[in-house]
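Below is one structure, written out as structure tokens; the observations come after it.
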There are 2 protein chains.
Amino acid sequence: MSRPEDVASIPLFEGLPGDEVEQLSAIAADRSFRRGESIFLEGDEGDGFYVVLSGRVKVFKLSMEGKEQTLHLFGPGEPFGEVALFAGRRFPANAEALEESRILFFPREAFAGLIRQNPSVAMNLLALLSVRLRRFTALIEDLSLKEVPGRLSAYLLYLSRQRQGGTDLALDVTKAQLASLLGTIPETLSRILGRMSRQGLIESDGRRIRILDLEGLESLAEGGGF
Amino acid sequence: MSRPEDVASIPLFEGLPGDEVEQLSAIAADRSFRRGESIFLEGDEGDGFYVVLSGRVKVFKLSMEGKEQTLHLFGPGEPFGEVALFAGRRFPANAEALEESRILFFPREAFAGLIRQNPSVAMNLLALLSVRLRRFTALIEDLSLKEVPGRLSAYLLYLSRQRQGGTDLALDVTKAQLASLLGTIPETLSRILGRMSRQGLIESDGRRIRILDLEGLESLAEGGGF
DNA sequence: CGTCGACTTGAGTTAACTCAAATCATGTGG
DNA sequence: CCACATGATTTGAGTTAACTCAAGTCGACG
């Protein structure tokens, strides 16, 4: 159903013996999704989990009124939907392809044994879930204890760190997407970008953002007022 | 350092062979904390993890201005601080005893081997982290997509479910604590309890809350307006 | 009985939201 | 190469949930 080299390329399965990889790829389904296509919905039965091969996937919550809170964006090599395997059986959120994406699906049974036999897979999973827990902790902190400018600053600083401290950033998501990631709405994000530009903290042109005052941003991200 | 029967009573170690329990209890430190005493601070090096034997522990984030967001309350049998073992090495939040508590500390090295040798411990941990991830997902949803009355309703319904659908609830935390759990402040919580009482949704007297209109609460928790 | 912590209430402020509309960017078909 | 359609972004005006600060009130315990 899927190619062994694709399975072997997944960090989660790093160091897995060749025959196990073969077995896994025999049962994994290789699926494609178009931009905007739904992969699963909150409440769906979680009969397995997914790994992004190419493209990008958004995992998000939806409120009754239609507001969206993005929990996480996943790119190539990253697994998602595993939580349903270990607790609760149902997906706690929605997943949708942000662009044309190729995605592997591993059915649940394929997996129980694998983990027992391969402690390294279990360790990888533990590390993975821990990292995600840490991210969620940060998101909760942001939502509860920071205002939008603080969250935006934290995000920009995170991007800057990811690029070895570069101050020339190019958003890899739309601003509406970024708003959803920060727990706000596009209008608010737009106004705050404007304000931060006027104050000389950043320079913003479309998806290109240049950081002008790193310390100013840091103080904002820590919780300093405007 | 600690008693084997205490270690054996921890659900995480369920089904662990006797000699492993002995080994673990030999290296686990049995510590006591007074009400309000700090167990660790955000940013501290995580050289191990903890399990509550008795009492209660609050894990929380603190903002610059002193507002607190409770992430989780832990009771007897529950481990906390494990995230630092698998990712990041440092605690992402603060922990403090809410009351006189006895707590076991397991140093990091005690553990790496244990997991490799005992798949069931690894599975227990995976399940544990998954449940926590699910809770955090719900908390993020609450903070981002619901207003305080919705969060409070969800919490009351959760308490009611925990008590087999009973409608007579007794808070086991102070209202200030509850406010922090819901991501708000005591004043706001107080006003909203008042409003919900006036509307006949609940009856509130000190820490005793009686649910009068289950459906009304459910509609609020789903995101319906007041 | 006085004190301390927990809780409530009042008054005023504000960040962020909603709704509506204008503007800009991009890509497609003619 | 232009004109329009579509989606992304910005701007404006008005509203509101929840916050801050300040001042009670309540209740339990020494």
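Each chain gets a letter, A, B and so on, in the order its sequence line appears, and its residues count up from 1.
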Between atom NZ of A/Lys61 and atom CD1 of B/Ile140, what is the distance when rounded to the nearest 0.5 Å? 9.5 Å
Distance only, no hydrogens: is a donor on one side chain within 3.5 Å (strictly under) of an acceptor on the other, for B/Ser197 and B/Glu203? no
Quick one: do the A/His72 and A/Arg132 side chains pair a donor with an acceptor below 3.5 Å? no
Classify A/Lys67 by what it touches in the nucleic acid, base, sugar-phosphate, or nothing, heavy-atom distance under 4.0 Å. sugar-phosphate
Axis bend over the full length of the helix from C/dC1-D/dG30 to C/dG30-D/dC1, computed from five pairs that close each end, to 10 degrees: 30°
In whole Å, I'd like the distance from the [atom1] atom of [X] to the [atom2] atom of [N].
| X | N | atom1 | atom2 | result |
| --- | --- | --- | --- | --- |
| A/Lys146 | C/dA15 | NZ | P | 18 Å |
| A/Leu145 | C/dA16 | CG | P | 13 Å |
| B/Arg207 | D/dG27 | CZ | C1' | 12 Å |
| B/Leu143 | C/dA15 | CG | C1' | 16 Å |
| B/Gln69 | D/dC19 | CD | P | 11 Å |
| A/Glu147 | D/dT20 | CD | C1' | 12 Å |
| A/Arg151 | C/dA16 | CZ | C1' | 9 Å |
| A/Arg35 | C/dT26 | CZ | P | 14 Å |

Is it the case that the ring center of A/Phe111 lies less than 6.0 angstrom away from the ring center of A/Phe49? yes
If you take the centroid of each ring, where Trp contributes its six-membered ring, are A/Phe40 and A/Tyr50 closer together than 6.0 Å? yes
Flag yes if more than 12 heavy atoms outside A/Glu99 fall under 6.0 Å of its CD atom; otherwise flag no. yes
Taking the basic N atoms (NZ, or NE/NH1/NH2) and the acidic carboxylate oxygens, is any pair closer than 4.0 Å for B/Asp168 and B/Arg210? yes
Donor-acceptor pair, side chain of A/Ser130 and main chain of B/Ala87, under 3.5 angstrom: no
When you compare the side chain of B/Leu171 with that of B/Ile209, does any pair of heavy atoms fall below 4.5 Å? yes
Strand contacts (DNA chain D) in residues 176-199 of chain A, 4.0 angstrom heavy-atom criterion: A/Ala176, A/Glu187, A/Ser190, A/Arg191
